[in-house]
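Everything on this sheet refers to the single structure shown next.
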Amino acid sequence: MANPFQAIRGMNDILPAESALWQRLEATLRETLAAYGYREIRLPLVEKTELFARSIGEVTDIVEKEMYTFADRNGDSLTLRPEGTAGCVRACIEHGLLHHQTQRLWYAGPMFRYEKPQKGRYRQFHQVGAEAYGMGGPDIDAELICLSARLWRRLGLRDAVLQINSLGSSAARAAYRERLVGYFAARREALDEDSQRRLATNPLRILDSKNPTMRALIAEAPSLLDHLDAESRAHFERLQSLLDAAGVAYEINPRLVRGLDYYCKTVFEWVTDTLGAQGTICAGGRYDGLIEQLGGQPVSGVGFAVGLERLVAMLAAAGQPSAGAPPHVYLIVAGDPAQRAGFALAERLRDELPDLRLQMHCGGGGFKAQFRRADHSGAQIALVLGENEVAAGAVAIKPLRETGEQLTLPQSEVAAYLRAAALERTLTPSNPD
Ligand code: ATP
Ligand code: MG
């Protein structure tokens, strides 16, 4: 009979064989964010629906058709967060974190979007995002981009290309928008269904179309960069000069617009061609109007989010090992007295050697079955407690991976033995990096 319970479509289990890779990725993200002075903020998974509608924009894919929205028992409309920026801004306003101060923050966790599941695109996926508030200049944009570039270097990922663009001020965008509508309206019959709809609601988003039949039409469209206001142009030029100074290579992509409504001036994406169609691993930009729009002071904001599933896929494709570290030591205990002695010994060894990974045999069985488990565990060494060893206050030590001699030591000397074995690297060090 088929298993009656399966995970929700587009929502994945991350199994133990994969979780070590996730942990390494998350550790690298944390360390790199800390290296630039960013501090973690932890936010709820659920917010009022209105927060997302107001910040992301009513006529975006996310708000139109991708949100997991439900009524709370008291009738409030709530939504599982589809992204992290709105909640982060909400929290900062609510707790007064934006009064006459700057903030560099990061968040991590699952996001939820009702999208068509495919490779690199899921309904529950994970992001790490960085956000900086209270800084309106191109220096902080450049810092965030340098931070993201360093992430790929630390992760050993070499196949990502940085694309940057400027969306200009809202006035410049409005003027450009008019020209764009004129251009597309004159070619209405060449637009796909989505783009025809967007022509009326959100014409800039046509530039974001993933439909290959639209590509030529989009390539010929008037360029946003020809319509920038003077301030945005200076901002964009300064950003480029700072990236040049920091040695971060980039491409200018005048068609780059972001799916979300709240961006202005700088936008950027890191794109790879190693992942197939879902090639954007990191996306971000400036959103100066958002904080005021959500009821805060007029404070600048800029940030990015990385998609962890896509990074894990890149790391795995680059051949980075995903299995976690096996135990150093497997403790075999045959019989009831040995089991009691084994618990005492195992706890003492963990006290004395905090880095030791010791797996105790549980579930009973004879020596033969226990040795099979020990072998299977990947441990380097088996410690064996039988009736004789317990009577003598001793423990037998048996190397599992190499043809070393078995020896018997007093239990009180095992910790010193294991410490020496670790120094000789007979035991793999706990952190191979
Ligand atoms: P895309 O154009 O790929 O749909 P987006 O513009 O909707 O991306 P953002 O909202 O900016 O993406 O999210 C930032 C990053 O989060 C993306 O670059 C991607 O790496 C990741 N991401 C977004 N949606 C998904 C998803 N459904 N599944 C997995 N990762 C995702
Ligand atoms: Mg999307």
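Counting starts at 1 for both ligands and their atoms, following the listed order.
- Contacts between E115 and ligand 1 below 4.0 angstrom, taking non-hydrogen atoms only, involve the side chain exclusively.
- The ligand atoms of ligand 1 that sit less than 4.0 angstrom from a heavy atom of A283 are 11 (O).
- Of the N and O atoms on the side chains of D141 and H235, at least one donor lies less than 3.5 Å from an acceptor on the other residue.
- For I281, every heavy-atom contact with ligand 1 shorter than 4.0 Å involves the backbone, none the side chain.
- Taking the six-membered ring where tryptophan is involved, the planes of H227 and Y176 are tilted, since the angle between them lies from 30° to 60°.
- Looking at R310 next to ligand 1, an N or O pair under 3.5 Å apart turns up.
- For K210, the heavy-atom gap to ligand 1 drops under 4.0 angstrom.
- Within the structure, side-chain hydrogen bond (donor to acceptor under 3.5 Å, both in side chains) pairs that include any residue of residues 305-316 comprise H126-E309 (at least two apart or interchain).
- In Q278, neither the side chain nor the backbone holds a heavy atom less than 4.0 Å from any atom of ligand 1.
- Within the listing of ligand 1, atoms 13 (O), 14 (C), 15 (C), 16 (O) sit less than 4.0 angstrom from a heavy atom of Q127.
- Heavy atoms of R121 come nearer than 4.0 angstrom to ligand 1 in at least one pair.
- The backbone N or O of V333 lies less than 3.5 Å from a partner atom in the side chain of Q370, making a donor-acceptor pair.
- Residue pairs satisfying the side-chain hydrogen bond (donor to acceptor under 3.5 Å, both in side chains) criterion with at least one member in residues 158-168, sequence neighbours excluded, are listed as follows: Q163-N253.
- Among F125, F112, Y122, the residue whose heavy atom sits closest to atom 23 (C) of ligand 1 is F125.
- Counted within 6.0 Å of CZ on R179, heavy atoms from surrounding residues, nucleotides or ligands total 12 or fewer; the atom is thus considered open.
- Remark: ligand 1 and R113 share an N or O pair separated by less than 3.5 Å (distance only, no angle test).
- Checked options K116, R113, R198; the residue passing with D61 is R198 (criterion: salt bridge (charged side-chain N to carboxylate O under 4.0 Å, His left out)).
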